[in-house]
Amino acid sequence: MSPNPATDLKSHLAGLFTTALEVVAPEATDTPVVLERPKSAAHGDYACNVAMQLARRLKRNPRELAQRVIEQLPNSPWVERAEIAGAGFINLFLRPEARREVIRSVLAAGDAFGRIGVGGGRKVQVEFVSANPTGPLHVGHGRGAAYGASLANVLEAAGFQVAREYYVNDAGRQMDILSVSAWIRYLELCGEAVPFPPNGYQGDYVRTRATELRAIDGERFRRDAAAVLERLPEAADGDEDAIEIRMDALIARAKALLGEDFDHLTRFVLERQVEEIRDVLSRFGVHFDLWYSERSLYESGRVAQVLEVLDQAGHLYTQDGARWFRSTAFGDDKDRVVQRENGLFTYFASDIAYHHDKFQRGFDQVIDVWGADHHGYIARVKAAITASGTDADRLIVPLIQLVALFQGGEVVKMGKRSGSYVTLEDLMDDVGVDATRYFYLARKCDQHLDFDLDLAKSQSNENPVYYIQYAHARVSSVLEEWDGDRIDLATTDLAPLDAPAELVLMQRLASYPDAIEIAARDYAPHIVAFYLKDLAAEFHSYYNGTRFLVDDEAVKRARLALVLAVQQVLRNGLALLGVTAPDRM
RNA sequence: GCGCCCGUAGCUCAACUGGAUAGAGCACCGGCCUUCUAAGCCGGGGGUCGGGGGUUCGAGUCCCUCCGGGCGCACCA
């Protein structure tokens, strides 16, 4: 059996139209035959608009052409009838036995139903979350996590070979600031009075790191407060520039006083931070194949190497003491600095190296899931990819719009350094993993998201995710009550299924692979969420109007086969979303 | 000022790469539990798809313009 009978059926039907076109419009046989699933079941199983497309080219009446096409359609064992509708649509109605086939397909394929081949085994990388390890994940990161994880699942189901990756920004100044922040908290624990810098990381997790550091390494990193503070530049409250200068001095002082131990401290803090992020994401059902270190790009010399290559190709130049990449030659608004006047590489430089490395690893397509606030960055990264000889269209960047958190009707302000924000962990604990993931996914990623905490917490029972899960649990309950052997249902006679509600459900089941295909094509996992809601709605309606465990054995078994198939598809879809499919609720 | 995203029912959102009468949930009104889970079902009201122009047989969807909201425009990451 083919992994996707629905696709085979579709191409079979398209073939009928192609044949008809050769007779009706031999001069326009190249007109693409597009079959789509009508929104309304009254419009049949498939609709074709080829007559309307032809009408434009041939300047003829579309309904008349549609009639001619229908007359020339070869007979098919699957098609009951074709009819003209609206401006010139040709609607195909499948024979009931053709519709029932989907139940066999679902039950035979099981968890694999909905796995299709459009990806063709191409290698695609999905890099997502990639939040700085300088603090816990917040609700914005949660959205990227839910989106990226489900997108990866969807692509996998669509037949791509998917690698999930987290880029760890473990290099640069913000990492130094984290180290210094932890160090000062540590010094406090040791009894050294060093005032905490206002632009240090204020969160409690920094104190936790300090406590851990002291528990493991004792007073190894202790230095006199006087030595730490000696001749440090002053910074008045509110003088932002002076505060940053003082921080730089503090970083330099820490490195001078600690020597190699500074690096040791940094690695310790980093490791624990990443570990916490990994744990939270794991609890959220989000896993990665690779945690890629930015620092490693420097240590392996890749950054310098890539820049050398760009330089050789004439894409770099020096101005005002800095090294610039001529990104304007590749469509960017302005050229970008890759190496600063002080000799340090910019974040962009390591990102060039990182993307170069991604494509060198053999990915046909690379997907970077970014927050919408990074959109201005796309042009320069694409420019760098083009400059190094790779087709930049192979990089896809879905932008996740920001999440605004509401509580008590007020926007909750969040700041990383101030430590005042609601973490993803808080959200998961309050709302639950299933509801949180569904809530994030139940809208397009480029839609702003107002996350109402009060609503999510107090009315979590009204979340649509329970509606879908409930449908799944109801089937479990029915099957438990029946207490028969499910294996037998896969081969039972389906002929008794002919009620409208049953035909509608079968139609819906048959369109599941289409939903996967569209979701993968558009990088839109929310398509799956909406599909499941529709399927659940049709199931609940069926459930309320029809009793399954009836005396007539043949009818009972046919109905059970149908609802078992519904349950299977619900489970498959929920798995893509990272939501559990409970047997009881 | 320039760029990207968004604007659809009172609220939160869909609308399958231009299709048929723009659909759900929440909220509101009225019904349905002695029968497989009522976290459910059935029915009802509710819309200038931000405004205007254009392309098309056909526009919520594409183009132009204006209005409104968000986010960017560093030798930060």
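Residue numbers begin at 1 in each chain, while the letters A, B, ... track the order of the sequences.
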Under-4.0 Å side-chain N/O to phosphate OP1/OP2 contact, [X] with [N]:
X: A:H526; N: B:A15; result: yes
X: A:Y467; N: B:C41; result: yes
X: A:Q401; N: B:C4; result: no

Base of B:G72 paired with side chain of A:H374 (donor-acceptor, under 3.5 Å)
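No, the side chain and the base share no sub-3.5 Å donor-acceptor pair.
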For the residue pair A:E502 and A:P496, what are the closest heavy atoms and their distance?
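Heavy atoms only, the tightest pair is OE1-O, 4.0 Å.
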Can you sort out the partners of A:A379 under side-chain contact (heavy atoms from CB on, under 4.5 Å), two or more places apart, ordered by chain and number?
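For A:A379 the side-chain contact (heavy atoms from CB on, under 4.5 Å) partners, ignoring immediate neighbours, are A:D332.
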Using side-chain contact (heavy atoms from CB on, under 4.5 Å) as the criterion, list what pairs up with A:A561, not counting sequence neighbours.
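With neighbours one apart ignored, the set is A:I103, A:L107, A:L489, A:T492, A:L494.
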Please list all pairs passing the salt bridge (Lys or Arg N to Asp or Glu O under 4.0 Å) test where one or both residues lie in residues 316-325 of chain A, with sequence neighbours left out.
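The answer is A:D311-A:R323.
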Restricting to ring pair (Phe, Tyr, Trp, His ring centres under 6.0 Å), what partner residues turn up for [X], sequence neighbours left out?
X: A:Y147; answer: none
X: A:H315; answer: A:F330
X: A:F17; answer: none
X: A:F539; answer: A:Y543

Which donor-acceptor pairs under 3.5 Å do the side chains of residues 526-535 of chain A make with protein atoms, sequence neighbours left out?
| from | atom 1 | to | atom 2 | distance (Å) |
| --- | --- | --- | --- | --- |
| A:Y531 | OH | A:R508 | O | 2.7 |

Map A:N342 and A:D450 onto RNA chain B by nearest heavy atom, then report which one ends up closer to the 5' terminus.
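Nearest nucleotide further toward 5': that of A:D450.
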Report, one line per pair, each donor and acceptor closer than 3.5 Å where one atom sits in a side chain of residues 440-449 of chain A; sequence neighbours left out.
| from | atom 1 | to | atom 2 | distance (Å) |
| --- | --- | --- | --- | --- |
| A:Y440 | OH | A:V139 | O | 2.7 |

Kindly label the base of B:C33 as syn or anti, based on whether its glycosidic torsion lies within 90° of 0.
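Syn for B:C33; the angle stays within 90° of 0.
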Taking N or O atoms only and anything under 3.5 Å, show me the protein contacts with nucleotides 34-38 of chain B, one pair per line.
| from | atom 1 | to | atom 2 | distance (Å) |
| --- | --- | --- | --- | --- |
| B:U35 | O2' | A:R547 | NH1 | 2.7 |
| B:U35 | O2' | A:R547 | NH2 | 3.1 |
| B:C36 | O2 | A:L549 | N | 3.3 |
| B:C36 | N3 | A:F548 | N | 3.1 |
| B:C36 | N4 | A:Y543 | O | 2.8 |
| B:C36 | N4 | A:T546 | O | 2.4 |
| B:U37 | OP1 | A:S477 | OG | 2.0 |
| B:U37 | OP2 | A:S477 | OG | 2.9 |
| B:U37 | O2' | A:Y470 | OH | 2.1 |
| B:U37 | O2' | A:R474 | NE | 3.2 |
| B:U37 | O4 | A:D583 | O | 3.4 |
| B:U37 | O4 | A:M585 | N | 3.0 |
| B:A38 | OP2 | A:R474 | NH2 | 2.6 |

Polar atom pairs between nucleotides 18-21 of chain B and protein, under 3.5 Å, N or O only, would you list them?
| from | atom 1 | to | atom 2 | distance (Å) |
| --- | --- | --- | --- | --- |
| B:G19 | N7 | A:N49 | ND2 | 3.2 |
| B:G19 | O6 | A:Q53 | NE2 | 3.4 |
| B:A20 | OP2 | A:K39 | NZ | 3.2 |
| B:A20 | N6 | A:N91 | OD1 | 3.0 |
| B:A20 | N1 | A:N91 | OD1 | 3.0 |
| B:A20 | N1 | A:N91 | ND2 | 2.9 |

Just checking A:D320: base, sugar-phosphate only, or nothing, at a heavy-atom cut-off of under 4.0 Å?
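Base contact.
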Which part of the nucleic acid, if any, lies within contact of A:E341, taking any heavy atom under 4.0 Å across all strands shown: a base, the sugar-phosphate backbone alone, or nothing?
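Base contact.
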Treat a base pair as Watson-Crick or G-U wobble with both distances under 3.5 Å, then lay out RNA chain B in dot-bracket form, 5' to 3', with | for cross-strand pairs.
(((((((..((((.....[...)))).(((((.......))))).....(((((..]....))))))))))))....
Compare the aromatic ring of A:H448 with the six-membered base ring of B:G7 and state whether they stack according to the 5.5 Å and 30° rule.
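One would not call A:H448 stacked on the B:G7 base.
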Salt-bridge test for A:R173 and A:E244: reply yes if a basic N is under 4.0 Å from a carboxylate O, no otherwise.
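Yes.
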Check the distance between B:A24's P and A:Y466's OH and give it to me in whole angstrom.
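Value for this atom pair: 24 Å.
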